[in-house]
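Treat the numbers as computed from the prediction; the structure is a model and nothing was measured. Protein chains get the first letters and strands the later ones, always in sequence-line order, with residue 1 at the start of each.
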Amino acid sequence: MFDAKFVRNNVDAVRAGVAAKGESLTLDNFLALDEGRRQKVTAVEQLKAERNQKSEEVAELRRQGQDTTLLQENMKALGQEVKELDAEIKEIEQRLEHILLRIPNLPDSDVPVGPDESHNKVRSLHLLPRQFAFAPKAHWDLGVALDILDFERAGKIAGARFAIYRGLGARLMRSLISFMLNLHTTEHGYVEVAPPLLVTYDNMVGTGQFPKFTEDAFKIAGQELYLNPTAEVPVTNMHRDEVLDGMQLPLYYTAYCPSFRAEAGAAGRDTRGLIRMHQFNKVELVKFVRPEHSSAELETLLADACQVLERLAIPYRILEMCTGDLGFAAAKKYDIELWMPSYNRYVEISSCSNFRDFQARRANIKFRPQKGAKAEYVHTLNGSGLAIDRLVAAILENYQEDNGSVRLPEALIPFMGIEKITN
RNA sequence: GGAGAGAUGGCUGAGUGGUUGAAAGCGCCCGCCUCGAAAGCGGGUGAACGGUUACCCGUUCCGUGAGUUCAAAUCUCACUCUCUCCGCCA
């Protein structure tokens with residue numbers, strides 16, 4: 001979110017940034033409301049100054065034992081006027097905030113310009129897709145045949161877009177969680193957290209999901225609580241309304257969280273398998289950093305996420321997202337995509353984003369650069385490190401053998417206690 | 001779920017409806033002292049918004065929201081959260 005003053009003073013830049021993201025906002029209404037607000041604020045503040053002054057007079061006259069009824073009568077009208085103006089201002093401010101909360105973050109200047117995903121830039125390729133000497137199976141077939149995935153029974157429990165992990169499948173998921181959390185905590189310097197999975201409306205606003213994308217979230221009936229769509233929400237909001245000690249920055253957090261998405265706009269897409277589910281598992285990376293470091297921190301965040309795929313030896317590529325594919329809150333974003341034989345293409349496994357101070361403003365997260373210095377907004381970043389269900393799918397598909405068994409990546413063997421999943 | 005206590009600045013903690021943006025202490029910053037430091041002494045030290053932007057001026061903010069009043073941190077109501085005890089439970 002931007003503050004009104006910034007928008008007022010940088011109308012053209014904001015318009016251009018919004019347009020680059022493929023949205024349109026005239027801001028004319030905003031500017032008119034903003035101008036009207038300032039006029040009313042100036043007016044009401046004069047009245048309030050008068051009220052304060054007269055109130056002091058009342059106090060003074062009373063001390064002298066004089067009658068103040070006449071003065072008090074005059075004050076009533078003044079008080080009423082103030083009340084009405086305050087109400088008008090409040091209404092205008094609500095409308096201004098309504099607009100401000102819906103202005104997307106502006107792209108960094110080095111982000112490739114383009115309307116949609118077709119303009120994303122491939123930054124690098126890592127390992128080449130394996131050439132199969134047999135017809136590779138999709139993970140939903142492999143997993144069911146190996147009796148480690150069960151979609152049918154998951155449907156009995158919760159309907160479509162859910163999965164049951166079973167036996168070695170459940171152990172594989174647990175192994176991936178441990179493997180990734182261990183990697184990030186012991187080698188990359190992240191602090192592991194296990195946050196609440198239900199979050200308030202304000203939390204969702206803080207990270208930018210709300211108010212624009214309420215239909216993507218699951219709401220708890222009768223309560224103002226939502227199932228978290230990504231650990232980004234609870235972990236970033238941990239520090240909401242705080243002034244962090246500048247000496248403690250940067251803060252690195254990693255969290256494993258089940259995550260929940262309504263997938264409102266995805267009816268009929270990726271209906272099979274583990275790729276797009278209402279409930280999925282993810283290890284997330286979140287950083288709170290000084291503004292001058294956030295660009296460099298995005299690069300190391302990306303590297304930390306890629307390290308998982310390096311260790312698992314799965315083919316992947318890194319995409320630099322263009323302006324039209326940045327999403328609402330990001331100023332710059334990389335996607336990591338891994339090779340999925342059943343799709344015969346790369347599939348997203350992680351998004352690593354720099355939000356600059358966009359989320360920090362919404363969630364009111366500041367830091368004090370030095371003792372005694374004025375507090376400033378921090379920069380926040382996050383990325384999946386990585387999405388677990390898609391990783392399971394990719395391991396099954398990329399490591400499958402012609403007899404339907406699946407070898408395990410070296411790095412997972414200590415966690416699994418076996419080298420191969422067979423029937 | 002029942003009963004009680006509480007919520008004030010970076011922290012601790014005073015506060016009788018009327019110079020209380022808020023005592024005091026801690027912390028922090030500047031100065032004096034010192035070779036330097038500590039101690040001591042003196043001064044300063046919240047945020048947001050608006051007007052001017054050199055300085056400065058005004059308004060708002062004492063958990064949140066409403067109300068009473070000429071005037072609310074202080075009175076009333078609702079809500080949220082924290083703590084203690086009981087009940088329940090993993």
OP1 or OP2 of [N] under 4.0 Å from side-chain N/O of [X]:
X	N	answer
A:Asn52	B:rU60	yes
A:Arg38	B:rC49	no
A:Lys366	B:rG46	no
A:Lys5	B:rG50	yes
A:Lys90	B:rA66	yes
A:Arg51	B:rC70	no

Taking [M] as the reference, what is the distance to [N] when you measure between their [atom1] atoms (whole Å, please)?
N	M	atom1	result
B:rC32	B:rA47	C1'	32 Å
B:rA3	B:rA78	P	13 Å
B:rA14	B:rA71	P	30 Å
B:rG40	B:rU74	P	38 Å
B:rC75	B:rU8	P	16 Å
B:rA48	B:rA90	C1'	45 Å
B:rA38	B:rC26	P	16 Å
B:rA73	B:rU34	P	48 Å

Once you round it to whole Å, what is the distance between [atom2] of [N] and [atom1] of [X]?
X	N	atom1	atom2	value
A:Lys83	B:rC70	NZ	P	11 Å
A:Glu93	B:rG50	CD	C1'	11 Å
A:Glu376	B:rG10	CD	C1'	16 Å
A:Phe6	B:rC49	CZ	C1'	18 Å
A:Glu57	B:rG18	CD	P	18 Å
A:Glu242	B:rC11	CD	C1'	14 Å
A:Lys48	B:rC57	NZ	C1'	17 Å
A:Arg37	B:rA48	CZ	P	14 Å

Per the ring pair (Phe, Tyr, Trp, His ring centres under 6.0 Å) rule, what does the pair list look like for residues 259-287 of chain A, sequence neighbours excluded? A:Phe162-A:His278, A:Phe218-A:His278
Parallel, tilted or perpendicular: which describes the rings of [X] and [Y], with under 30° parallel and over 60° perpendicular?
X	Y	result
A:Tyr253	A:His239	tilted
A:His188	A:His184	tilted
A:Tyr201	A:Phe210	tilted

Write down the partner of [N] under the Watson-Crick or G-U wobble criteria, each distance required to be under 3.5 Å.
N	result
B:rG25	B:rC11
B:rA66	B:rU76
B:rU16	none
B:rG36	none
B:rG4	B:rC83
B:rA54	none

Please work out if A:Val58 contacts a base, only the sugar-phosphate, or nothing of the nucleic acid, heavy-atom cut-off 4.0 Å. base
Give one of base, sugar-phosphate or nothing for A:Arg8, where a contact means two heavy atoms less than 4.0 Å apart. sugar-phosphate
Find out whether the Lys NZ or Arg CZ of A:Arg123 is both under 6.0 angstrom from the six-membered ring centre of A:Tyr334 and within 45° of the ring's axis. yes
Which nucleotide sits closest to the side chain of A:Arg368: B:rG10, B:rG51, B:rU59? B:rG10
Under 3.5 Å, is there a donor-acceptor pair linking the side chains of A:Ser353 and A:Lys332? no
Is a donor from one side chain sitting under 3.5 angstrom from an acceptor on the other, for A:Arg356 and A:Ser295? yes
Which residue lies more 5' along RNA chain B, comparing A:Val41 with A:Met75 via nearest heavy atoms: A:Val41
Under-3.5 Å donor-acceptor pair between A:Glu45 side chain and B:rG58 base: yes
